[in-house]
S.K.: 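Before I ask anything, let me first share the structure, which is written out below as structure tokens.
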2 protein chains.
Amino acid sequence: MKQDLVQYSILGLLMDGKKSGYDLKNDFKNSVGSFYAPSFGSIYPILKKHEKNGYVIGKDEAVGKRKRTEYTITSLGKDTFLKWLKVPVAQHELQYSCDDILVKLYFYRYLPLKTRLALIKKLKDMSFENYYSLIECQKEISFPITDSRRWPLDWGVVSFYAYAKWLESIEDAYKKRGD
Amino acid sequence: MKQDLVQYSILGLLMDGKKSGYDLKNDFKNSVGSFYAPSFGSIYPILKKHEKNGYVIGKDEAVGKRKRTEYTITSLGKDTFLKWLKVPVAQHELQYSCDDILVKLYFYRYLPLKTRLALIKKLKDMSFENYYSLIECQKEISFPITDSRRWPLDWGVVSFYAYAKWLESIEDAYKKRGD
DNA sequence: GGGGACATGTAATTGGTTACATGATTAC
DNA sequence: GTAATCATGTAACCAATTACATGTCCCC
């Protein structure tokens with residue numbers, strides 16, 4: 001999934017208006033930058049690729065004498081992005097690599113409320129499932145709490161529980177809002 | 001750090017006895033495999049590289065007519081591994097990418113108790129620090145809980161709190177043991 | 001005798017980062 | 001005038017995965 005992440009994130013950032021490659025770099029920094037920040041060396045080539053695929057349209061704009069190429073997302077690009085966004089996070093992605101999920105989560109606001117809620121519910125359910133299955137694993141291993149071999153497992157247990165509870169609180173918030 | 005991870009992990013897995021490349025593949029699967037599992041295509045070349053660097057020594061062993069190359073870690077290899085292991089996890093690594101840390105954590109048992117404890121304490125302190133600083137960030141943003149733009153931040157808050165509390169419980173366990 | 005595990009290795013491909021190259025504009 | 005920021009792009013490099021290539025052993 002990782003390799004697609006840049007590509008879809010760029011489409012995601014273009015969802016709220018046309019931007020240059022330079023803008024995108026800053027946008028990454030100011031949004032999902034703390035866990036994912038691509039370099040110019042990947043942004044510009046991807047933009048070109050997106051244009052070739054018909055996902056974006058580049059237009060040279062002159063700001064004074066300084067020229068910049070602004071990219072607008074097409075409806076095909078939007079569909080492609082939304083299609084990716086709607087794919088629920090898979091169990092194995094949740095397993096331990098959170099970065100990709102965090103990026104996806106950030107863009108959930110572009111989904112209709114119902115879809116968003118369904119995906120959050122699914123994420124919550126998976127978190128609880130993972131939590132319970134790791135609890136089972138914990139029972140099977142005999143290492144004491146001070147043995148580092150069980151730490152990654154314990155880390156998983158505490159984080160899945162925390163995620164699940166937090167996702168539950170989001171669900172509750174939606175319910176209270178009554179949308 | 002990511003690229004070094006494979007290399008040090010291989011040294012780490014060789015810490016408790018000589019192994020072939022094939023063994024290592026299985027070992028990854030059975031230990032840190034759920035969050036990090038390299039392919040043969042990276043294991044074998046790294047083994048060769050390690051041998052060139054004097055970190056491991058490969059010896060052809062014949063099991064019947066089937067030959068396998070078993071690698072033994074050298075004292076230089078051990079030192080190199082331990083040196084890496086002793087480097088505390090940096091703040092930015094803790095930020096959101098947990099995989100690398102989990103791998104490192106798994107190998108902490110090769111460190112003397114005192115060092116291990118100090119590193120756990122440091123990790124705990126950083127988790128609390130991150131937790132408090134994210135709490136500050138939360139105060140500054142005005143998005144309601146139902147806005148997906150704050151979710152990555154919230155995710156960070158709940159996970160840092162969970163990690164910190166859990167690391168604290170490890171410390172307590174050590175104290176109770178009175179080592 | 002065939003499938004599956006054991007065992008090693010490499011070549012092709014992918015995809016990213018770093019560093020380089022270039023040049024305009026703005027603020028001091 | 002010079003440093004910082006704006007702005008775009010590419011070439012060299014690096015590291016990893018996939019797929020391929022090869023062959024043994026063991027059990028059914």
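Quick note on labels: first sequence line is chain A, next is B, and so on, each numbered from 1.
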S.K.: So does Lys48(B) get a side-chain nitrogen or oxygen closer than 4.0 Å to the phosphate oxygens (OP1/OP2) of dG9(C)?
M.R.: yes
S.K.: Per the ring pair (Phe, Tyr, Trp, His ring centres under 6.0 Å) rule, what does the pair list look like for residues 41-61 of chain B, sequence neighbours excluded?
M.R.: Phe40(B)-Tyr44(B), His50(B)-Tyr55(B)
S.K.: Considering only nitrogen or oxygen atoms on both sides, find all protein atoms under 3.5 Å from nucleotides 1-5 of chain C and state each distance.
M.R.:
none

S.K.: If you check the Ser42(A) side chain, which of dG9(C), dT17(C), dT8(C) turns out closest?
M.R.: dT17(C)
S.K.: Can we say Glu70(B) and Arg68(B) salt-bridge, meaning some charged N sits less than 4.0 Å from an Asp/Glu carboxylate O?
M.R.: yes
S.K.: Do Asp16(B) and Tyr110(B) have side-chain atoms, one donor and one acceptor, less than 3.5 Å apart?
M.R.: yes
S.K.: When you get a sec, tell me which of dT17(D), dC6(C), dT17(C) is the closest nucleotide to the side chain of Ser39(B)?
M.R.: dT17(D)
S.K.: What is the separation between atom CD1 on Ile46(B) and atom P on dT10(C), rounded to the nearest whole Å?
M.R.: 14 Å
S.K.: Let me know the distance between CG of Leu47(B) and P of dT8(C), rounded to the nearest Å.
M.R.: 9 Å
S.K.: Do the two ring centres, one from Trp151(A) and one from Tyr106(B), sit under 6.0 Å apart?
M.R.: no
S.K.: Just N and O in the side chain of Tyr44(A): are any of them under 4.0 Å from OP1 or OP2 of dT8(D)?
M.R.: yes
S.K.: Heavy atoms from C-beta onward define the side chain here; which of dT8(D), dA7(D), dA7(C) lies closest to that of Thr69(A)?
M.R.: dT8(D)
S.K.: In the hydrophobic clustering that connects Ile, Leu, Val, Met, Phe, Trp and Tyr at side-chain heavy-atom distances below 4.5 Å, which members other than Val87(B) occupy its cluster, ordered by chain and number?
M.R.: none
S.K.: Classify Gly21(B) by what it touches in the nucleic acid, base, sugar-phosphate, or nothing, heavy-atom distance under 4.0 Å.
M.R.: sugar-phosphate
S.K.: In whole angstroms, how far is the C1' atom of dG9(C) from the NZ atom of Lys67(B)?
M.R.: 10 Å
S.K.: Just checking, any donor-acceptor pair under 3.5 angstrom between side chains of Asp23(A) and Ser20(A)?
M.R.: yes
S.K.: Please tell me which of Asp23(B) and Pro45(B) maps to the more 5' nucleotide of DNA chain C, matching each residue to the nucleotide holding its nearest heavy atom.
M.R.: Asp23(B)
